[in-house]
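Notes for the one structure printed next.
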Amino acid sequence: MSKNTKKLWMTLSVICFLIGVAVWLPNLLLGKAYSYYLLTFVINPVGILFGYLGRSKAAMISNLVMANSFFILMFFGYLISAIFRGQP
């Protein structure tokens, strides 16, 4: 595989990661429950594949974290709620 092809796959993987971050921004910044974050379940696994094709472990791991971001944020939300004895 040529160097340009690897760079292309890595660039596509980074773009998938950035899209994953962008779809979370309305929820985090505006405080409203938009369902755009569900796109992370579709876009970021594709980014993992692109990272694999580009031979970039960092791109694969970042897309993996974004693909599981709903569960990670849900865990921390419930943890904070339990610590302060509030409702989720």
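Values below: every heavy atom of this structure, side chains too, minus hydrogens, waters and symmetry copies. Along the sequence shown, residues are numbered consecutively beginning with 1. If you're wondering where the values come from, they're calculated on a predicted model, not measured in any experiment.
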Partners meeting side chain to side chain donor-acceptor pair (under 3.5 Å) with [X] (sequence neighbours left out):
X: Thr5; answer: Ser2
X: Ser69; answer: Trp24
X: Trp9; answer: none

Which atoms form the tightest heavy-atom contact between Ala59 and Gly51, and what is the distance?
->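 Between these two residues, the closest heavy atoms are CB-CA, 4.2 Å.
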Distance from [X] atom [atom1] to [Y] atom [atom2], nearest 0.5 Å?
X: Cys16; Y: Leu49; atom1: SG; atom2: CG; answer: 9.5 Å
X: Ile80; Y: Phe75; atom1: CD1; atom2: CZ; answer: 10.0 Å
X: Thr11; Y: Phe50; atom1: OG1; atom2: CZ; answer: 11.0 Å

Mind checking whether [X] and [Y] sit in one hydrophobic cluster, side chains of I, L, V, M, F, W, Y counted as touching below 4.5 Å?
X: Leu8; Y: Met10; result: no
X: Phe71; Y: Leu73; result: yes
X: Phe70; Y: Leu29; result: no
X: Leu12; Y: Met60; result: yes
X: Phe41; Y: Leu18; result: yes

Does some side-chain heavy atom of Val21 sit less than 4.5 Å from a side-chain heavy atom of Met66?
->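 Side-chain contact under 4.5 Å: yes.
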Does any non-hydrogen side-chain atom of Ile72 lie less than 4.5 Å from one of Val65?
->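 Yes, at least one pair of side-chain atoms sits under 4.5 Å.
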Which side-chain hydrogen bond (donor to acceptor under 3.5 Å, both in side chains) pairs, counting each pair once, include a residue from residues 37-46, with sequence neighbours left out?
-> Asn44-Asn63
Could you tell me which residues satisfy ring-ring contact (aromatic ring centres under 6.0 Å, His included) with Tyr34, sequence neighbours excluded, listed by chain and number?
-> Tyr36
Quick one: hydrophobic cluster around Leu64, which other residues, with the 4.5 Å side-chain cut-off, linked directly or via members?
->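 For the cluster that includes Leu64, the remaining residues are Ile48.
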Is the backbone of Gly77 close enough, under 3.5 Å, to the side chain of Ser81 for a donor and an acceptor to pair up by distance?
->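 Absent.
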